[in-house]
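Atoms within each ligand, like the ligands themselves, are counted from 1 in listed order. Owing to the predicted nature of the structure, the values given are computational and were not obtained by experimental measurement. Hydrogens, waters and symmetry mates play no part in the numbers below; they use all other heavy atoms, side chains included.
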Amino acid sequence: MRIYFDHNATTPVDPEVAETIARVMTTEFGNASSVHHFGQRAKAILDDARSAVGALVGGEPSEIVFTGGGTESDNFALRGVAEALEPTGRRHLIASSIEHEAVLVTLRALARRGWRITLLPVDQTGIVDPERLKDAITDDTALVSVMHANNEIGTIQPVAELAAIARGRGALFHTDAVQSVGKIPVDVRALGVDLLSLSGHKFNGPKGVGALWIKRGARITSILTGGKHERNRRAGTENVPGIAGLGAAAQLAKKKLTNEAARLGALRNRLEEAVLARVPGTAINGVRDPRVPNTTNISFDAVEAESLLIALDLEGVAVSTGSACSSGTLEPSHVLRAMGLPTPRTQNSIRMSLGAGNSESEVDFVVSKLPAIVDKLRSLTRSKVRA
Ligand SMILES: Cc1ncc(COP(=O)(O)O)c(C=O)c1O
């Protein structure tokens, strides 16, 4: 038996989505820019997907630009706005200190080109305090980028409040909603943002395809130049099957979201309560609410997270020690560090993120295994300390 509790890293493709991709890939090979029949059929597929993705986030189809995934959408938002606003003299960018690497590393690259960067701190709640943004923002700020839901601890940021502060100072606002779209309702108008990133493989769609929602009129320059694809905003022949899959996943997510969020929230809470009750020396990282319903991040005193991950894997259970990009290294999570957790706690925390296929019996299986695994790892740590 294999149990997959790592849906924030990626999700399995929904069978209906896979069918759509296979159908489009085998029967609709046209280039969406071609004027003839084959091209027009491909274009119609893109149009349908654009409507479905727009509807999922409350935006107009014309405001959706398809990209090669969340990382590209984040790069497009940051680099595109930086380039567009450079002539205005604004040379300052703000983000939170718990952003995904797609934002943080891009900001470092922009810093090398002369942009001033401010990273907003968070405390142990894992939430950005809007007061910190008020302190940091200046008339020089071009863009503020704060993620909607954090990928490691699941906390939901007060994006609407933060975006209002940015707007008040004439700065654009981007949110990386890769971990919230498809999990909770997301509405670009209610959030009051200018740009929003999403990624197909986080909500049962294909990998390597995503979108940037760009509010009509927002000032942004293309970062991929060439042909006039995507209304001149992202050059390159569109990945028609992948985009069709993204559209199908968006439609399914919209239909299932309310029920699935409630079901996953109940499962996650069952898991959390049982772990806290049955394994001594455990604690949840970050506030419990507001959080996306599928995610929990738990620290286990005196247990190395990597060892716990491997022990669970041997039992057939897949979890993660943080963001997928930094796992495989023993680097403690930058998110837990930014929250000011003591160093041992940043090294003994695991993330469990639930999704469509998970059931109560899987949660109960994991809970039944954890006490003995943790005991064993703790006794090994104790004997290592004695040796
Ligand atoms: C918050 C967040 N932003 C961006 C990304 C990158 O998305 P993609 O894998 O589609 O490039 C991820 C993926 O882990 C993420 O969790």
inquiry  = Within a 6.0 Å radius of atom CZ on Arg169, are there more than 12 heavy atoms belonging to other residues, nucleotides or ligands?
reply    = yes
remark   = Closest heavy-atom approach to atom 4 (C) of ligand 1 among Ile98, Asp176, Leu198 is made by Asp176
message = Suppose the criterion is ring-ring contact (aromatic ring centres under 6.0 Å, His included): which pairs have a residue in residues 159-217, not counting sequence neighbours?
response = none
ask   = Asn8 and side chain to side chain donor-acceptor pair (under 3.5 Å): which partner among Asn297, Asn151, Asn294?
value = Asn294
inquiry  = Any nitrogen or oxygen of Ala9 lying under 3.5 Å from a nitrogen or oxygen in ligand 1? Just yes or no.
reply    = no
inquiry  = When you compare ligand 1 with Ser199, is there at least one nitrogen or oxygen pair between them that comes in under 3.5 angstrom?
reply    = yes
request  = Can you spot which of Leu308, Ile350, Asp313, Val366 makes a side chain to side chain contact (heavy atoms under 4.5 Å, CB included) with Val319?
outcome  = Ile350
Sub-4.0 Å atoms of ligand 1 with respect to non-hydrogen atoms of [X]:
X: Gln179; result: 1 (C), 15 (C), 16 (O)
X: Asp74; result: 3 (N), 4 (C)
X: Gly69; result: 10 (O)
X: His201; result: 8 (P), 9 (O), 10 (O)

inquiry  = Taking 4.0 Å as the limit for heavy-atom contacts, which would you say applies to Met147 with ligand 1: side chain only, backbone only, both, or neither?
reply    = side chain
task = Heavy-atom distances under 4.0 Å are what count here, so tell me which part of Thr71 touches ligand 1: side chain, backbone, both or neither.
result = both
query = Below 4.5 Å, heavy atoms only, C-beta onward: do Met352 and Glu272 meet side chain to side chain?
reply = no
inquiry  = Phe29: which residues meet the ring-ring contact (aromatic ring centres under 6.0 Å, His included) condition with it, sequence neighbours left out?
reply    = Phe38
request  = Carefully, step by step, assess Asp364 and Arg270 under the rule salt bridge (charged side-chain N to carboxylate O under 4.0 Å, His left out).
outcome  = CA-CA 9 Å; Asp364 296 346; Arg270 181 185 181 95; 2.9 Å; yes
task = Check if Lys202 has a non-hydrogen atom at a distance under 4.0 Å from any atom of ligand 1.
result = yes
